[in-house]
Amino acid sequence: MERIEFRTVRQAFGEGTVLPAVVPHLSGVPLTDLLRKVELPFARRQGSPGLAGSYHGLLEDAVRWPAKHYLGEPVLSASEGDTVLLGCGCGEWSCWPFSALVTVDEDTVTWSGYRHGFRDWDYRELRDFTFDRAQYEAAVRATAR
């Protein structure tokens, strides 16, 4: 099983405004880095390699604990049933959303069914991630302000 953290990091949005944003890290690796590797072949084919992994964390306080956004009750959703995990560098998550289906079971939480809101990129290389539910919930609770 993977270990997850939802780190609050300071990121530059829009015209350089630096704000705290929630970025998932899987076993210490930012989700953006994992996506960059998977998306790079598609972005290159489109002539824009810089698009690969070009996400920012989520600004919305609504995704922080006690919200259950990351626990299968999404506050931000690009299509019915999915959970937005990362958004756009402009600060508006819906400009460049990356989402997954978040399935919460008795002992585990699983991410699957990945998609980009505006690109028809293939995420099969990005395997499903399964987390220990207790560790995952502790990570979500750590997002509280």
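Side chains are part of it too, since the values below use all heavy atoms of this structure and drop only hydrogens, waters and symmetry mates. Small disclaimer: the values here were computed from a predicted structure and weren't measured.
Side chains of Phe6 and Val63 form no contact here, defined as non-hydrogen atoms less than 4.5 Å apart. Contact of the Pro41 side chain with the Glu125 side chain is not registered, since no non-hydrogen atoms from C-beta on lie closer than 4.5 Å. A 4.5 Å side-chain heavy-atom check between Cys88 and Phe13 finds every atom pair outside the cut-off. Gln135 places a side-chain heavy atom less than 4.5 Å from the side chain of Ile4. Looking at heavy atoms from C-beta onward, Pro24 lies in side-chain contact with Leu86 at the 4.5 angstrom threshold. Inter-residue side-chain proximity for Asp122 and Phe42 is flagged as met; some heavy-atom pair is nearer than 4.5 Å. A 4.5 Å side-chain heavy-atom check between Val75 and Glu60 finds every atom pair outside the cut-off. Val38 places none of its side-chain heavy atoms less than 4.5 Å from the side chain of Trp121.
Rounding to the nearest 0.5 angstrom, the gap separating the CD atom in Glu5 from the CG atom in Leu26 is 9.5 Å. Taking CG of Leu31 as the start and CG of Leu126 as the end, the distance is 7.0 Å to the nearest 0.5 Å. The CG atom of Leu51 sits 10.5 Å away from the CG atom of Leu40 when rounded to the nearest 0.5 Å. From His116, atom NE2 reaches atom OG of Ser99 across 9.5 Å, with rounding to the nearest 0.5 Å. Here the CG-CD distance, from Asp132 to Glu137, works out to 9.5 Å after rounding to the nearest 0.5 Å. Taken from NE2 in His69 to CG in Leu85, the straight-line distance is 6.5 Å, to the nearest 0.5 Å.
The aromatic rings of Tyr136 and Trp111 lie perpendicular to each other, with more than 60° between the two planes, well past the 30° mark.
Counted within 6.0 Å of CZ on Arg119, heavy atoms from surrounding residues, nucleotides or ligands total more than 12; the atom is thus considered enclosed. Atom CG of Asp120 has 12 or fewer neighbouring heavy atoms from other residues, nucleotides or ligands inside a 6.0 Å radius.
Listed by first then second residue, pairs satisfying side-chain hydrogen bond (donor to acceptor under 3.5 Å, both in side chains) with a partner in residues 28-45 read Asp33-Arg36, Glu39-Tyr55, Glu39-Tyr123, not counting sequence neighbours. Screening residues 10-23 for side-chain hydrogen bond (donor to acceptor under 3.5 Å, both in side chains), with sequence neighbours left out, gives no hits.
Of all non-hydrogen atoms in Leu58 and Val84, the two that sit nearest each other are CD1-O, 3.4 Å. Shown here for Val23 and Gly57, the closest heavy-atom pair between the two residues is CG2-CA, 3.6 Å. Gly72 and Val104 make their closest contact through N-CG2, 4.1 Å (heavy atoms, listed as atom of the first residue, atom of the second, distance). Closest heavy-atom contact between Tyr114 and Ala100: CD2-CB, 3.5 Å. When every heavy atom of Ala52 is checked against every heavy atom of Ala43, the shortest pair comes out as N-CB, 3.9 Å. Closest approach of Glu2 to Phe129, counting heavy atoms only: CG-CD2, 3.4 Å.
Residue Val109 is grouped with residue Val29 when hydrophobic side chains (ILVMFWY) are merged at heavy-atom distances under 4.5 angstrom, including chains of intermediate members.
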task = Using the side chain to side chain contact (heavy atoms under 4.5 Å, CB included) rule, take Trp65 and Leu71 through it: C-alpha gap first, then chi angles, then the decisive distance, then the call.
result = CA-CA 10 Å; Trp65 183 259; Leu71 290 165; 3.9 Å; yes
Assess whether ring pair (Phe, Tyr, Trp, His ring centres under 6.0 Å) is satisfied between His56 and Trp93, documenting all intermediate values.
-> CA-CA 8 Å; His56 275 53; Trp93 66 268; over 10 Å; no
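Side-chain N or O atoms of Ser77 include one that pairs as donor or acceptor with a backbone N or O of Asp82 at under 3.5 Å.
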